[in-house]
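Report on the following structure.
Residue numbers count from 1 along this sequence. A quick note: this is a predicted structure, and the numbers were derived from the prediction, not measured. Numbering of ligands and ligand atoms starts at 1, following listing order.
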Amino acid sequence: RSKTPPPLSAKDPSSFAYPTMKDRIPVILSKVVDHLTRQKSIIVQEYGGEVAREELKAMIGAISELRHCVMTNKPAKPLRDSRCDAVLWNAELARQINLKREQEEASGRDAGDELGLRWFDDAWLWMECYLYRRIQEASLMCSLLKSFDVFGQQKQDAFKSAYKSISQLTTYLQEVIDKFKGHVPESEIGKHFIEFLQVSLWGNKCDLSISAGQVMTHDHNPMTQLVALKHRLLVDDTNTAYGILWEAAGVKGQNVRVDIVLDNAGFELVTDLCLAEFLITSRLASHVVFHAKSMPWFVSDVTLGDWDWTLNNMCRMNHVATSELCQRWQGYLKAKTWEVEAHDFWSMPNTYNEMSSASPDLFNRLSQSDFVIFKGDLNYRKLVSDRQWDPMTQFERALRGFHPAPLCSLRTLKCDCVVGLESGQAQAAENEDPNWMIGGDWAVISVCERRDS
Ligand code: F6P
Ligand code: MG
């Protein structure tokens, strides 16, 4: 077996890591500073007077300084806030620096005393996660503004811009639910499973970190777009996914649990809720556990606050199918047919092959599932350790021993790391679209059936 390849890093100018550090991250941070500056009087009024004004000033200063640190490639500093995960982060930072020292020494270089992790020298995934935790530090150093979500407004605007697509999707889902009140042949279950899985997959195009906060336009019906998108699906393990659930539902009757590790708020979250509804309606699952983030993350990721905001807004939407579905979902949450939870591990820099040692409680929780669906690009990067894999590497090999339960990744490609392709596929995609790996226009549905718990 060949050696595990090195992680993606901005030290390679041909990697998407490089323009991310050089251009995308500074833009994301400038947008936050602009937003806080423009909203100053509203925020100060909402959070209470002079103290809030001073805190906001400090936050703006901290985020501007962070931007400067990235652009000038300063080393990562230990976190200063007292949130419980800060200790883990600082231990992880020390561990990474030690590893780097060992590597430097092994290759005969003098590591020196000033060794640190740097934006343009070290693992992209690690540095990018650290960036979002540092943004959180800027809030956590405040008392009145400590739970202020600097990306909240962007996420809410993205949701509002998707009203039309949301209405079309929920209208279609209502029709499917009505159909399932009568007898439906198995072929119909399979057909709709493919649809809702793929709607949730392509919902992942709508991430605000890649579009630098530019809200997507939703001009087309999300259901009718699926056919046109089909040939951009590079790996399609839908049948394996369906087989796992079909068998579990047959064997376990009413006790099938599916976990959905969420990615972005806005339209993508609605597509995930619709997929979960379909799983319940079709009896492919009896219980769905959603995993959200415990802090604002990668601009648009769903926090528990976004979850509540989204459901409240859907219930209030002036659209019958949407508000009725939403009330049904509130019922599922009360009855614990659906659960939503947030674990700090999702906002650590660890790759998922480290979950069983770094966070055994979460690993055990996932092990109780029948099928775990990981949404989006960042989850994919963590599943496959964000390495420079040959695209023909098997998905199972890239998971490096992470098998809590049968799992599936629904991911549109937004970084130069992909596995599971057949010979010639990468070249054909490249010929058609030189941005195929980073634009969110190509996708994979990758499944691993193994369970080693
Ligand atoms: O690769 C580009 C990027 O912005 C990454 O920073 C991150 O992995 C990802 O896209 C975010 O996308 P998603 O919301 O699909 O995880
Ligand atoms: Mg995201």
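At a cut-off of 2.8 Å, Asp301 coordinates the Mg ion (ligand 2) through an N, O or S atom.
Between Lys375 and the choices Asp272, Asn264, Asn204, the side chain to side chain donor-acceptor pair (under 3.5 Å) rule is met once, by Asp272.
To the nearest 10 degrees, the Mg ion (ligand 2) sees OD1 of Asn264 and OD1 of Asp263 at an angle of 90°.
At a 4.0 Å heavy-atom cut-off, ligand 1 touches Asp263 through the side chain alone. With a 4.0 Å cut-off on non-hydrogen atoms, Asp377 touches ligand 1 through its backbone as well as its side chain.
With hydrogens and angles disregarded, a donor-acceptor distance shorter than 3.5 Å links the side chain of Arg387 to the backbone of Pro5.
Applying the side chain to side chain donor-acceptor pair (under 3.5 Å) criterion to Asp433, with sequence neighbours excluded, gives Trp442. Under the ring-ring contact (aromatic ring centres under 6.0 Å, His included) criterion, Phe395 pairs with no residue, sequence neighbours left out.
Distances below 4.0 Å separate heavy atoms of Asn204 from the following atoms of ligand 1: 15 (O).
Taking the ring centroids of Phe151 and Trp297, they lie at or beyond the 6.0 Å cut-off. For Trp124 and Tyr18, the gap between ring centers reaches or exceeds 6.0 Å.
For the pair Arg381 and ligand 1, the shortest N or O to N or O distance falls below 3.5 Å. Not one N or O of Trp124 is nearer than 3.5 Å to an N or O of ligand 1, by distance alone.
Remark: distances from the non-hydrogen atoms of Arg24 to ligand 1 include one below 4.0 Å.
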